[in-house]
K.L.:
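Have a look at this one.
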Amino acid sequence: MNQIKSTISRLDSQDTLASYREAFLLPENTIYLDGNSLGPLPKVAQRRAGEVVEQQWGKGLITSWNQHDWISLPARVGDKIARLVGAKENQVVCCDTISVNVFKLLSGALAMRPSRFVIATTQDNFPTDIYMAQGLVKQLGGEYEIRYLDEENIAGQLTDDIAALMLTQVNFRTGRKLDMQAITAAAHEKDILTVWDLAHSAGAFEVKLDECEVDFAVGCSYKYLNGGPGAPAFIYVAQRHQANYTQPLSGWMGHKTPFAFTPDYEPHPSVAQNLCGTPSVIAMSVLDAALSVFDNVSMSELDIKSKKLQQVFLSLLESSEIAHLLPLASPLEDERGSQLAFRHNEAYAICQAWISEGVIADFRAPDILRVGFAPLYLSFTDMQQAVEKLAAIMTGKQYLNTEFQSKLQVT
Ligand SMILES: *Cc1c(COP(=O)(O)O)cnc(C)c1O
């Protein structure tokens with residue numbers, strides 16, 4: 001035990017990202033292992049929220065669209081996110097939600113492959129991605145259909161009747177991470193356009209959209225990017241497609257000249273075409289501030305720490321002799337994102353009991369206890385304390401208490 005303690009404190013003292021914890025307002029006596037669902041509040045974001053409401057809105061009123069450059073927020077925030085996902089400038093804008101952005105991209109991709117009628121995805125993709133594809137297929141009618149591929153060997157299932165391949169890089173339940181580079185290359189061999197969902201990638205590890213020659217991508221900013229509940233999402237359109245891509249939600253903010261107020265829609269000849277209505281200025285300003293926490297962070301360093309946190313968590317679990325009670329549903333280290341998933345029939349109640357001890361993780365139906373590892377604010381000591389508490393819950397079977405058994409609306 002003493003040996004573990006000294007290893008843990010050595011890891012913390014050698015952690016080059018340790019100082020970032022100070023950038024966040026985390027409640028005391030809380031270990032937050034759910035930054036993959038909702039990132040915590042960065043101190044700069046809190047300050048910006050006050051400033052944008054009191055000063056920019058309260059005092060500046062409508063002049064702030066120009067004075068504080070609200071109008072370019074979607075592009076500026078987009079470019080900040082671009083760096084974090086391996087994209088050069090002018091390919092990402094911040095807008096709407098993943099759901100809405102998936103609709104735009106799939107519509108645009110199908111229009112670019114007019115003689116193909118299949119959207120391919122995986123059955124256990126995040127439901128909203130599938131639902132949006134279902135809505136689009138229904139609206140288009142005719143021969144359009146969705147084809148469900150097995151997550152295993154996706155490249156081997158690609159055929160040249162597929163117009164668009166829509167995948168989430170990291171499976172939200174198991175944490176399994178798909179090989180973006182290899183799958184995108186295989187899709188391109190069949191002239192298939194790729195749409196990648198980065199919900200559990202952006203801000204969690206190194207993503208290389210340009211290098212992988214991805215066509216389109218979406219992602220959200222309230223998870224590992226810490227933009228706040230319901231913070232606006234982002235959308236990526238590779239430069240080479242921007243001249244040929246059109247999406248159907250032709251709102252005025254995506255117009256070439258919104259303030260000319262012309263009667264006919266003409267898309268902006270860039271990724272900005274994806275803007276639809278007026279941007280959510282308060283939320284986007286808060287996100288802009290939150291992203292500045294990443295200004296000097298190297299994504300590869302983030303990646304390394306995420307892996308170390310997971311290794312330490314798993315080896316502590318092994319040495320606490322409860323590992324066999326919680327079988328790991330996540331794949332090996334190089335094939336997973338920044339989360340671990342454990343299976344147990346009582347996963348929901350275990351999670352509730354853990355929360356009551358100050359360790360916040362989450363549950364995903366039907367039987368997954370999901371643990372997120374956000375390297376900017378978690379320490380190795382957190383891992384040790386979290387596992388100690390989990391071990392007590394598992395050996396004492398505290399999760400059987402009725403107070404932990406009833407399900408809340410949001411899990
Ligand atoms: C969280 C998440 C979403 C959320 O979509 P919104 O429309 O922004 O609510 C979508 N896809 C995946 C894979 C997610 O994990």
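The first residue in the sequence is number 1, and the count goes up from there. Note that ligands are numbered from 1 as they come in the structure, with each ligand's atoms numbered from 1 the same way.
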K.L.:
Measure the acute angle between the ring planes of Phe216 and Tyr245, then classify it against the limits of 30° and 60° as parallel, tilted or perpendicular.
P.N.:
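Ring orientation of Phe216 relative to Tyr245: tilted.
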K.L.:
On the 0 to 90° scale, with breaks at 30° and 60°, tag the Phe313-Phe373 ring pair as parallel, tilted or perpendicular.
P.N.:
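Answer is perpendicular, since the angle exceeds 60°.
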K.L.:
Show me which atoms of ligand 1 lie under 4.0 Å from any heavy atom of His200.
P.N.:
15 (O)
K.L.:
With heavy-atom distances below 4.0 Å as the criterion, list the atoms of ligand 1 near Thr128.
P.N.:
5 (O), 10 (C)
K.L.:
Step by step, work out the salt bridge (Lys or Arg N to Asp or Glu O under 4.0 Å) result for Lys308 and Asp15.
P.N.:
CA-CA 10 Å; Lys308 258 192 216 160; Asp15 175 9; over 6 Å; no
K.L.:
Can you report which non-hydrogen protein atom sits closest to atom 4 (C) of ligand 1, along with the distance?
P.N.:
Tyr222 OH, 3.2 Å
K.L.:
For Ala199, take its heavy atoms, then give the atoms of ligand 1 lying under 4.0 Å from any of them.
P.N.:
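Counting from 1, the qualifying ligand atoms are 2 (C), 12 (C), 13 (C), 14 (C), 15 (O).
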K.L.:
Between the side chains of Lys256 and Glu266, is the shortest nitrogen-to-carboxylate-oxygen separation below 4.0 Å, so that they form an ion pair?
P.N.:
yes
K.L.:
Flag the pair Asp303 and Lys307 as a salt bridge only when some basic side-chain nitrogen lies within less than 4.0 angstrom of an acidic carboxylate oxygen.
P.N.:
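Between Lys307 and Asp303 there is a salt bridge, with a charged N closer than 4.0 Å to a carboxylate O.
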K.L.:
For ligand 1, which atoms, with element, lie under 4.0 Å from some heavy atom of Thr97?
P.N.:
7 (O), 8 (O)
K.L.:
Can a cation-pi geometry be assigned to Lys223 and Phe172, taking NZ or CZ under 6.0 Å from the six-membered ring centre and within 45° of the ring axis?
P.N.:
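Judged by the rule (NZ or CZ under 6.0 Å from the ring centre, within 45° of its axis), Lys223 is not positioned above Phe172.
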K.L.:
Using a 3.5 Å distance criterion without hydrogens, assess whether the side chain of His188 forms a donor-acceptor pair with backbone atoms of Val214.
P.N.:
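No.
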K.L.:
May I ask you to check whether Ser201 and Trp196 show a side-chain donor-acceptor distance below 3.5 Å?
P.N.:
no
K.L.:
Any nitrogen or oxygen of Ser99, main chain or side chain, under 3.5 Å from a nitrogen or oxygen of ligand 1?
P.N.:
yes
K.L.:
Provide the number and element of each atom of ligand 1 under 4.0 Å from a heavy atom of Lys223.
P.N.:
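Reading through ligand 1 atom by atom, the close ones are 1 (C), 2 (C), 3 (C), 14 (C), 15 (O).
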K.L.:
Which residue owns the protein heavy atom closest to atom 8 (O) of ligand 1, what's the atom, and how far is it?
P.N.:
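Checking every protein heavy atom, the shortest distance to atom 8 (O) of ligand 1 gives Ile98 N, 3.2 Å.
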K.L.:
Quick one: look at Asp129 and ligand 1, take heavy-atom pairs under 4.0 Å, and tell me if it's side chain, backbone, both or neither.
P.N.:
side chain
K.L.:
With heavy atoms of Thr168 as the reference, note each atom of ligand 1 found under 4.0 Å away.
P.N.:
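Counting atoms of ligand 1 from 1, those under 4.0 Å from Thr168 are 13 (C).
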K.L.:
Purely on distance, is any nitrogen or oxygen of Asp197 under 3.5 Å from one on ligand 1?
P.N.:
yes
